[in-house]
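Encoded as structure tokens, the structure appears first; notes follow it.
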Amino acid sequence: MTDWKTRTKLVHSGTRRSQYGEMSEAIFLTQGFVYDSAEQAEARFIETGPDEFIYARYGNPTVRMFEERIAAIEGTEDAFATASGMAAVNGALTSLLKAGDHVVAARALFGSCLYVLEILGRFGVEVTLVDGTDLGQWKAAVREGTKAVFLESVSNPTLEVIDVKGVCEIAHARGAIVIVDNVFATPTFSKAVELGADVIVYSATKHIDGSGRCLGGVVCGTTQYIRKVLEPYLKHTGAAMSPFNAWVMLKGMETLDLRVRQQAASALALAKALEGHPKLLRVIFPGLPGHAQHRIAMEQMGAGGTVVTLDVVGGQEAAFRFLNALEIVKISNNLGDAKSIITHPATTTHQRLPPDQKALLGITPGLVRLSLGIEDEGDLIADVMQALEAV
Ligand SMILES: *Cc1c(COP(=O)(O)O)cnc(C)c1O
């Protein structure tokens, strides 16, 4: 099974068939499991075997199929599924940390990830934020006794690419565990294990579902970390993935590679078509040779990703005119969906940030984040071009 290529694993890995031999993965929509005897119940609570379950907050056969499938393609020993991406980020960090511990994180983070770090601060965890693209800052901040390092391998929404291998070398030299939020890299382009990441987190809500149906998250890592550190925390605090959502994610994974590669191809084509457009100050896409971390992006993903960020000339007013003129691309705030989606971060996802922090992170009034869907590439480029005319 380890010889299988990704597309084969995405369709078959982790499948557990019941006595009926069903073709499509079954939804075990059950909270609990019946034991043959009191003795069996007792034995299962002492040690749960690989095909045994106790309670859906601890594990469920459909959820387990999803966990095994994502671990198989990510190349980790194990995985634990959660109710949302944020439950995964929170679980990955909080299960590991206690008062007095030190964490170093990249400052360009999804708003809710930043909020989790603020909460950890309230409980006595010391957090140092650095410019994630500057290895010198990581080197200066990670010290003897630093417990963990946290970063988004590609930042939201300005698409800064962090040198994961470089950060891992610095962190591991000091004994720190590296936790990577890998949503923008996607499982398709992820080489996080190869680059040295210890723990990899996904919001499954994004490319894994890929059709904007369900919330979900997953944490991938070693069996030791997943079962001895993360699972005790998550199973007792309740952020379990619903079996129905796990089934949606399993079906999403079957087409993940096909979708993401098409989305990435459309993103590259759009970015190229828009480069130098008079209505745009900047076209930010890691797949363009002019991107500051283009070389790193190609080494650690082999692609630019599925999101293109644009800075429209004329600030917020012009950006709003552009959004309102789009016909195919929808105004919303998910990404990785089959439908193309555009977001104005300064007034939505990053509204909470004070102006000086927005400026520091490059979230300008004209900035828009465009997540490419799987519609016809030519139609998408034409839609963006006609909407820019309206600016
Ligand atoms: C969306 C997202 C999350 C949170 O995921 P949810 O499923 O919405 O909870 C975390 N990190 C990144 C980078 C994201 O894009």
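One-based numbering, in listed order, for ligands and for the atoms of each. Numbering of residues begins at 1 and proceeds along the displayed sequence. Everything numeric here is computed off the predicted structure, so don't read it as measured data.
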Next on the checklist: Could you check whether R122 pairs with E118 (Lys NZ or Arg NE/NH1/NH2 to Asp/Glu carboxylate O, under 4.0 Å)?
Outcome noted: no
Checklist entry - Which pairs count as side chain to side chain donor-acceptor pair (under 3.5 Å) when at least one residue sits in residues 51-63, sequence neighbours excluded? => result R16-D51
Checklist entry - In Å and rounded to the nearest 0.5 Å, what is the CD to CG distance from Q224 to D198? => result 12.0 Å
Next on the checklist: Check this for me: K235, atom NZ, are more than 12 non-hydrogen atoms of other residues, nucleotides or ligands nearer than 6.0 Å?
Outcome noted: yes
Note down each nitrogen or oxygen pair, ligand 1 side and protein side, whose separation is under 3.5 Å; give only atom names and the distance to 0.1 Å.
residue, atom, partner, partner atom, Å
ligand 1, 5 (O), S203, OG, 3.0
ligand 1, 7 (O), G85, N, 2.8
ligand 1, 7 (O), S203, OG, 2.7
ligand 1, 7 (O), T205, OG1, 2.6
ligand 1, 9 (O), G85, N, 3.0
ligand 1, 9 (O), M86, N, 2.9
ligand 1, 11 (N), D181, OD2, 2.6
ligand 1, 15 (O), K206, NZ, 2.8

Item to check | Within 6.0 angstrom of E194 CD, more than 12 heavy atoms from elsewhere | outcome: no
Checklist entry - Does the pair E254/K251 count as a salt bridge with the N-to-O cut at 4.0 Å? => result yes
